[in-house]
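The structure appears right after this line, and notes come after that.
Computed from a predicted model, the values in this text were never measured in an experiment.
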Protein chains: 2
Amino acid sequence: MTGSEQTPTSTRERLIEAAVRLFGERGIGATSLRALTEAAGSNIAAVNYHFGSKEGLLRAVIDQTMHAVNEERRRRLDTLEASGQPLTLPDLVRAFVEPGVGLTEGHGHRAPEVARFIGRVMNEPDPRIRQIFAEQVDPIEGRYLTAFGRALPELDEDGARFAYAGVIGLLSSYQSGTLTTLHGQPPEKADDDTNRERLVAFITGGLLGLQSTP
Amino acid sequence: MTGSEQTPTSTRERLIEAAVRLFGERGIGATSLRALTEAAGSNIAAVNYHFGSKEGLLRAVIDQTMHAVNEERRRRLDTLEASGQPLTLPDLVRAFVEPGVGLTEGHGHRAPEVARFIGRVMNEPDPRIRQIFAEQVDPIEGRYLTAFGRALPELDEDGARFAYAGVIGLLSSYQSGTLTTLHGQPPEKADDDTNRERLVAFITGGLLGLQSTP
DNA sequence: GCTCGTTTCAAACGGTCATTTTAATCGATT
DNA sequence: AATCGATTAAAATGACCGTTTGAAACGAGC
């Protein structure tokens, strides 16, 4: 309905954009609404007007960013399962990892910011934030958990959970930039494609290694 | 000099103990000095008196906890290199991972708390905290980075950095409890030994996978 | 031109933060 | 017993937090 205007960007949109960027850069707790609304060229009260609270804003941002990822993950898993062939591990890893890393849908040049934001949310300590994230991801997560368990038949249920958590931990480290910017400067070298292949290779290898010595 | 008294615990020690526990539980930024000093049965001003500031306290806690880890990592790497035999990947992974996970030195029954604290610090967003941690870890980190590079000869320098960062990311996720408490309740099953073996297997497999498809 | 719902804004509120100040307490030394 | 440095404690300071308030600005419909 809203039409595809040329970056007129309503206040609401600008708030979400700024939240993605600043939450990803500084962390959620360390980003004040004052800094956020100033970056959005808006007023503090706008957050409460449009989202009710800081948590409401965070929820909206997570909803908006994770929706595309969830949809793409669901689509890919559907495709893999519909093919009839037995699920290969690299394909499954790609189906889960690439939507998070790429985020080709929706966000264009801001895709790296969005990826970093999600990475930050994924390994957030605060249990309330973890809860919000979990609610958004829950349904598709269950499907992948069982898919990983099926692709790694030698693992018991607990092992499969460990495997899945390992995938998430590695993915979140990668997306939050910790992996590619070892605590000095940024890496400069290695383009995104190379790093994505490295990530997939690392995760796939890890899962295989986990299965062979349970 | 201070002798080995029976848990009389000076204020300074109690502050550090409480910091390890609360920083690990809630995250550093989310832990107020008021809550911390109350948990330590002390006064807010004691932090400033003994450590100068909250950052001074954090620095002292990181120093104290990481010192044993660094020493153990250095010792293990020395032993491996002195053996003359070519460095095997699982041994190298164990030499790096187990001191962080186990923390057998010094801290007794509080070892899990310390491990979680370190895990939290390792994937902390705040660049200032990352800097403090980096200073403490830098020297031994360099040795392991080159050791990993040597144990994975097919990787170029950039690939080795990615590998090392992957090890750190996975280890930090594991130690902070994210890996073993998938966002529902704690896992209940699987004792620590099992999980440690899983972690080593996952990391080793990931490194091998990374090497075979660079 | 006026009204009315929507949206923005400046200002203020109550609360908590880290830090500082000032005074009290303790323990050893003389 | 008095003294003095080391330590603890209570209270104040100034800054910043998320949230709320009440009024101004805006735009569409009559």
Side-chain angles (χ1 to χ4, degrees), chain A residues 1-3 5 7-62 120-121 124-129 131-132, chain B residues 1-3 5-23 25-62 120-121 124-129 131-132:
Chain A
M1 290 300 180
T2 67
E5 313 269 350
T7 60
T9 59
S10 66
T11 298
R12 192 190 152 89
E13 294 173 48
R14 275 180 292 121
L15 284 176
I16 289 188
E17 277 184 34
V20 167
R21 186 162 56 84
L22 294 184
F23 283 167
E25 277 178 7
R26 315 176 183 183
I28 296 162
T31 301
S32 73
L33 290 186
R34 283 174 174 81
L36 196 153
T37 49
E38 188 181 358
S42 173
N43 186 278
I44 310 185
V47 171
N48 217 270
Y49 176 74
H50 287 285
F51 304 99
S53 66
K54 185 180 186 179
E55 177 176 320
L57 170 59
L58 174 62
R59 207 177 284 269
V61 178
I62 292 180
R120 274 289 163 77
V121 174
E124 174 70 34
D126 189 328
R128 290 171 306 183
I129 298 178
Q131 173 63 26
I132 295 173
Chain B
M1 294 303 177
T2 64
E5 314 268 349
Q6 295 279 43
T7 60
T9 58
S10 67
T11 297
R12 192 190 154 90
E13 294 172 47
R14 274 180 290 122
L15 284 175
I16 290 189
E17 276 184 34
V20 167
R21 185 162 56 84
L22 294 184
F23 284 167
E25 276 178 8
R26 316 177 183 182
I28 297 163
T31 302
S32 74
L33 290 186
R34 284 175 173 77
L36 196 152
T37 50
E38 187 181 358
S42 173
N43 187 277
I44 309 184
V47 171
N48 218 269
Y49 177 76
H50 287 285
F51 305 100
S53 66
K54 185 180 185 178
E55 176 176 321
L57 170 59
L58 173 63
R59 206 177 285 267
V61 178
I62 293 180
R120 274 287 162 77
V121 174
E124 173 69 34
D126 189 328
R128 290 170 307 182
I129 298 178
Q131 173 64 25
I132 295 173

Contact letters for nucleotides 16-25 of chain C, in which S counts primed atoms plus P, OP1 and OP2 and B counts the base, heavy atoms under 4.0 Å: -BBBBB----

N/O donor-acceptor pairs under 3.5 Å from side chains in residues 44-52 of chain B, not counting sequence neighbours:
unit_1: B/N48; atom_1: ND2; unit_2: B/G52; atom_2: O; d: 2.8

Inter-residue atom distance A/K54.NZ - A/L33.CG, 0.5 Å rounding: 5.5 Å

Separation between CD1 of A/I28 and CD1 of A/I62, rounded to the nearest 0.5 Å: 6.0 Å

Excluding sequence neighbours, so at least two apart, what forms side chain to side chain donor-acceptor pair (under 3.5 Å) with B/S42? none

Please check the phosphate of C/dT7 (OP1 and OP2 only) for any side-chain N or O of A/T11 closer than 4.0 Å. no

Can you name the salt bridge (charged side-chain N to carboxylate O under 4.0 Å, His left out) partners of A/E55, sequence neighbours left out? A/R59

First and last nucleotide of DNA chain D in contact with chain B, 5' to 3', at under 4.0 Å to a heavy atom: what are they? D/dA6 to D/dA10

Distance-only criterion, 3.5 Å: show the donor-acceptor pairs between side-chain atoms of residues 15-26 of chain A and protein atoms not counting sequence neighbours.
none

Quick one: closest heavy-atom pair of A/T37 and A/R34, and the distance? OG1-O, 3.2 Å

Residue pair B/L36 / B/L57, side-chain heavy-atom distance below 4.5 Å: yes

